[in-house]
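For reference, the structure is listed below as C-alpha cells.
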There are 2 protein chains.
Amino acid sequence: MRRMTARPANAHQARLLRLLRDGGPNSRAQLGDQVDLSRSKLAVEVDRLLETELVVADGLAASRGGRRSHNIRLNPHLRFLGVDIGATSVDVAVTNAELEILGHINQPMDVREGPVAVFEQVLAMAAKLRATGLAEGFDGAGIGVPGPVRFPEGIPVAPPIMPGWDGFPVREALSQELGCPVMVDNDVNLMALGEQHAGVARTVADFLCVKIGTGIGCGIVVGGEVYRGTTGSAGDIGHIQAVPDGRPCACGNRGCLEAHFSGAALARDATEAAEQRLSPELATRLEANGTLSAVDVAAAAAAGDATALDLIREGGNRTGQVIAGLVSFFNPGLVVIGGGVTGLGHTLLAAIRTQVYRGSLPLATGNLPIVLGELGPTAGVIGAARLISDHLFSPA
Amino acid sequence: MRRMTARPANAHQARLLRLLRDGGPNSRAQLGDQVDLSRSKLAVEVDRLLETELVVADGLAASRGGRRSHNIRLNPHLRFLGVDIGATSVDVAVTNAELEILGHINQPMDVREGPVAVFEQVLAMAAKLRATGLAEGFDGAGIGVPGPVRFPEGIPVAPPIMPGWDGFPVREALSQELGCPVMVDNDVNLMALGEQHAGVARTVADFLCVKIGTGIGCGIVVGGEVYRGTTGSAGDIGHIQAVPDGRPCACGNRGCLEAHFSGAALARDATEAAEQRLSPELATRLEANGTLSAVDVAAAAAAGDATALDLIREGGNRTGQVIAGLVSFFNPGLVVIGGGVTGLGHTLLAAIRTQVYRGSLPLATGNLPIVLGELGPTAGVIGAARLISDHLFSPA
DNA sequence: CTACTTTTTCCACTCTCAGGACAAAGGCGG
DNA sequence: CCGCCTTTGTCCTGAGAGTGGAAAAAGTAG
C-alpha cells in the first residue's frame with residue numbers, strides 16, 4: 001500500500017485529526033459539536049481531509065432522532081511505530097492512527113552496545129511486526145532513548161548511560177531506514193505522554209511522571225505539553241542529592257538518589273543482603289539464578305521477606321523525599337510512578353506517599369493523587385506513537 | 001483626565017501594543033518590519049488604536065533614506081500602579097505604559113496587620129504619588145503578595161505568613177478602590193516578571209528566580225510565561241527539606257530551607273552569635289540597635305567579620321544545594337538570585353554557585369549563568385506593572 | 001402516510017486581507 | 001534649485017474565508 005504523506009493544511013484540519021485520534025470514529029455532526037466552525041466550513045475541511053485520504057468515510061452513524069450522519073474515521077491503514085529503548089531492553093509496537101497497539105514486542109538488549117547494533121535490532125523487530133501483516137509500512141515513528149535529547153534535531157546529548165550515542169543522528173538515521181518521519185525524545189517524557197494520552201493523566205494539565213527503572217527520571221508536563229528544559233535534560237532527577245555524604249555515584253558525586261534507589265542499586269543491595277545471609281528468601285533466589293534483580297526483590301517482598309520489604313521501604317522513603325521537594329517546587333496536579341521497579345507495588349507507593357504528604361505543604365498536597373502508572377510497559381511505546389502523531393497532526 | 005478604558009480588539013492590536021511597550025516609540029514603518037502584516041492591514045489597525053487613544057501619533061521619525069515616517073507611541077498619559085507587599089514592607093510605584101518607573105515609595109509595614117490596614121496604607125501611598133502630579137488616576141494596577149494566590153480570582157489561599165489574608169478578595173477590593181482593572185500574584189512571580197521585562201532575564205525563555213527575603217520563594221518561568229502550578233503554590237521552595245532532622249520550622253517539619261536560611265533565620269543566628277560573643281562586630285551592632293537583621297550581617301561581612309561570613313557561606317551552601325536539585329529537575333537557562341538578602345552579595349552568590357555547579361550534571365550547568373537580580377527592590381513593582389499591562393494588552 | 005428531526009448541500013452575502021498602483025515626502029548628486 | 005531615486009502612506013480591487021439561511025435528503029415517531 002502507498003504510504004500517506006499528506007499533512008493537515010491548516011489548524012482546523014489538525015484539530016479534527018486530533019479529535020478523531022483521541023475520540024475514535026465520529027460522525028460529521030458530532031465533530032461539528034466539538035469544533036467551533038460553521039457547518040459549511042466543517043464540510044469543506046472534512047472533504048479536503050477525505051481527498052488527502054487521511055480520513056475515510058465509514059458507513060452511517062446511529063441516528064440521533066433524524067437523518068443518520070456519515071461516520072468519519074482516520075484512515076485505518078495508517079500505521080505508527082513506537083520504539084522505547086530502555087537501558088536493558090527494547091520495546092517496539094505498531095499502532096493504528098488512533099494509537100491503539102496492534103502488535104508489541106519486547107526484547108532484552110544492552111543499550112551500551114551502541115546505536116548501530118541497537119538500530120539493527122529495532123529494525124529487525126519492526127520487520128517482524130510488519131511480517132505478521134499488521135503493517136505494510138509506517139507513516140511515522142516515535143522513539144524514546146534513556147538519556148537527554150536535543151529535541152528539535154532528535155540527537156542524544158551527553159547521555160551518561162549510553163556513551164556511544166552522543167551526537168548520533170537518531171532521527172535522521174531512523175527516518176532514512178524507515179522512510180517516514182521520525183521524532184526522538186527521552187524515554188521518560190514518552191512515558192508521560194503515554195499516561196497522558198491513554199493512562200491516568202488524561203485530564204490533568206500539569207503533572208509529574210517519575211520513572212524508576214535502571215535509573216530514575218521524571219517527565220514534566222506543563223499545560224498539557226512536555227517540558228524539556230533548555231538543553232533537554234529537564235527531569236533528570238536521578239542525580240539529585242538524596243543522602244548527604246551518601247554512596248558514591250557514577251556521576252562523581254555522593255548520595256545521588258539513583259545511587260541509593262533504582263533498579264541497579266536495588267539489585268546490588270539485594271545481592272549484598274543475600275550474601276550476608278540477612279535474607280534466606282533472597283539467598284535462595286541468588287543461588288538459583290546467579291544474580292538478583294528488582295523482580296526478585298518484589299517476589300521476596302510478596303513472600304513477606306522482611307529484608308526485601310525494608311529495602312523497598314527505604315528506597316521509597318528516599319525517593320519520596322526527593323519527590324516531596326519537587327512537589328513543593330512544581331505544585332503538580334498529579335504524580336505518576338512508573339517504570340520497571342513499580343512491580344514493587346504498594347509497599348513502594350505507600351513509602352513515597354508518606355514522605356510526600358509529610359514533607360510538602362498542605363496546599364500543594366491537599367488534592368494531590370500519587371498513583372502508579374496505568375499502562376505499565378506500554379506507556380513508552382504509546383507515548384512514542386503519540387509524539388509522532390502530534391507532530392504529523394499539526395499544520396505543515 | 002479621563003482614564004483609558006479601551007482594550008485591543010484583536011491579537012494584532014495586542015501585539016502592536018506590546019511592541020510599543022517593550023520597544024518604546026516606533027515609526028509605523030518599523031512596526032511594519034516587526035509584525036507580519038500587509039501595509040494596508042497595519043495602517044488600519046494603527047488607525048483603530050489611534051481612535052481608541054491607546055496610542056498617539058508623536059511627530060516624525062528620522063528618515064531611513066526616503067520619506068520620513070510618523071512616530072507612534074503608547075499614550076503618554078497611561079499610568080499603571082505597581083504594588084509589592086513584602087512581609088515587612090510595602091513598595092508602591094507609578095509607571096507609564098512603557099513600564100518606566102515615574103515614582104516609587106517604600107514604607108515598612110507588617111503584613112500580619114491584615115488586609116484592611118495594609119490596603120489603607122497602600123491607598124495612602126498611591127494617593128501620595130498621585131499628589132505629586134505623576135498621575136491623575138490609574139489605568140491598571142498589579143499587586144504582589146507574599147504567599148500563594150488563586151490567580152484567576154486574585155485571592156490569596158492559605159498564606160502561611162499572612163494568616164488574615166486567606167480568602168480576602170484582593171483583586172476585587174483593590175479594583176473597587178482604584179476604579180481600574182487589577183491583577184494579583186505572588187510577589188516572587190512578579191519579581192521574575194520584572195527581571196524578565198527589564199532585568200537580566202530579558203532573553204531567556206525558561207528560568208528560575210529565587211527570592212531570598214524574610215522567606216524563600218522561587219518564580220518559575222516556562223516558555224516566557226510564569227508557571228503557577230495547580231493551586232498557585234508552585235515555587236514554594238522555602239519548605240523543602242535542606243537539612244535532615246534539622247531545625248524545627250513554623251510549618252511543623254524539621255530542616256526546612258527557610259528555617260536554616262532566610263532573612264528571619266539569619267537575624268536569629270546573628271543575634272545568637274552576638275550574644276555568645278563569637279563576633280565582636282555583630283555584638284557592637286546588637287548593642288547599638290537592640291536588634292540585628294540581614295543588613296547588619298552584610299555590613300559585618302563587608303568589614304571582614306569571620307562569623308558573619310560563615311553564616312552567609314553556610315546559608316548559601318544550603319540554598320545552593322536545594323537550587324542544585326531544582327536545576328537538575330528543571331534545567332533552566334538562567335538562575336536569578338534576588339530579594340532583601342542579596343545585600344550579602346558575592347559571598348552568598350559564590351557559595352550558591354559552588355553548590356550548584358558541583359551538585360548538578362554538566363549538561364544542565366554547562367551554560368547556566370547564576371546571577372544576582374539587576375533591578376533590586378524595583379523588580380517587584382515593575383513585575384506588577386508588567387502583569388497588569390500583559391492583561392490589558394491582550395485581546396478583550 | 002403525516003408531522004417532525006436531524007443532516008447535508010447549496011448559495012448568496014459579508015468581511016478580511018494581500019498586494020498593486022499611485023501619491024506624498026524626503027534624500028542626494030549635479 | 002532640479003531631476004531622480006527611495007521610502008512611506010493611501011486607495012482600490014480582487015481573491016478567499018467564512019457565515020447563516022433555505023431547501024433538499026434521509027430518518028424517526030405516531
Both B/Glu45 and B/Gly65 contact DNA chain C. Which one's nearest nucleotide lies toward the 5' end?
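Nearest nucleotide further toward 5': that of B/Glu45.
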Between [X] ([atom1]) and [N] ([atom2]), how many Å, whole number?
| X | N | atom1 | atom2 | value |
| --- | --- | --- | --- | --- |
| A/Leu60 | D/dT28 | CG | P | 10 Å |
| A/Leu31 | C/dT8 | CG | P | 10 Å |
| B/Gln13 | C/dT16 | CD | C1' | 14 Å |
| A/Arg28 | D/dA25 | CZ | P | 17 Å |
| B/Arg48 | C/dC17 | CZ | C1' | 11 Å |
| A/Asp47 | C/dT9 | CG | P | 7 Å |
| B/His70 | C/dA24 | NE2 | P | 13 Å |

If the threshold is 4.0 Å, N to carboxylate O, is there a salt bridge linking A/Asp139 and A/Arg79?
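No, no charged N to carboxylate O under 4.0 Å.
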Looking at A/Glu45 and A/Arg28, does any basic side-chain N land under 4.0 Å from a carboxylate oxygen?
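Judged by the 4.0 Å cut-off on N to carboxylate O distance, A/Glu45 and A/Arg28 do not form a salt bridge.
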Could you walk me through whether A/Arg171 and A/Asp185 satisfy the salt bridge (charged side-chain N to carboxylate O under 4.0 Å, His left out) test, starting with their C-alpha distance in whole Å, then the side-chain angles of each, then the deciding distance to 0.1 Å, before giving a yes or no?
CA-CA 10 Å; A/Arg171 180 180 183 176; A/Asp185 203 347; over 6 Å; no
Remember a base hit wins even if backbone is also touched, and classify [X] as base, sugar-phosphate or nothing at under 4.0 Å, heavy atoms.
| X | result |
| --- | --- |
| A/Ala29 | sugar-phosphate |
| B/Ser40 | base |
| B/Arg39 | base |

For the residue pair B/Arg18 and B/Asp390, establish whether any side-chain heavy-atom pair is separated by less than 4.5 Å.
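Side-chain contact under 4.5 Å: yes.
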Reading DNA chain D from 5' onward, which residue's closest nucleotide shows up sooner: B/Ser69 or A/Asn10?
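Here B/Ser69 is the residue nearer the 5' end.
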Let me know, please, whether A/Asp36 or A/Arg67 comes out on the 5' side of the other along DNA chain D by nearest nucleotide.
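Residue closer to the 5' terminus by nearest nucleotide: A/Asp36.
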Using OP1 and OP2 only, check whether a side-chain N or O of A/Arg68 sits under 4.0 Å from C/dT7.
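The answer is no; no side-chain N or O of A/Arg68 sits under 4.0 Å from OP1 or OP2.
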If you check every side-chain atom of B/Lys41, which of C/dG26, C/dC17, D/dG27 has the closest atom?
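The answer is C/dC17, which lies nearest to the side chain.
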Which heavy atom of B/Val221 sits nearest a heavy atom of B/Ala192, and at what distance?
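Shortest heavy-atom separation between B/Val221 and B/Ala192 comes out as CG2-CB, 4.0 Å.
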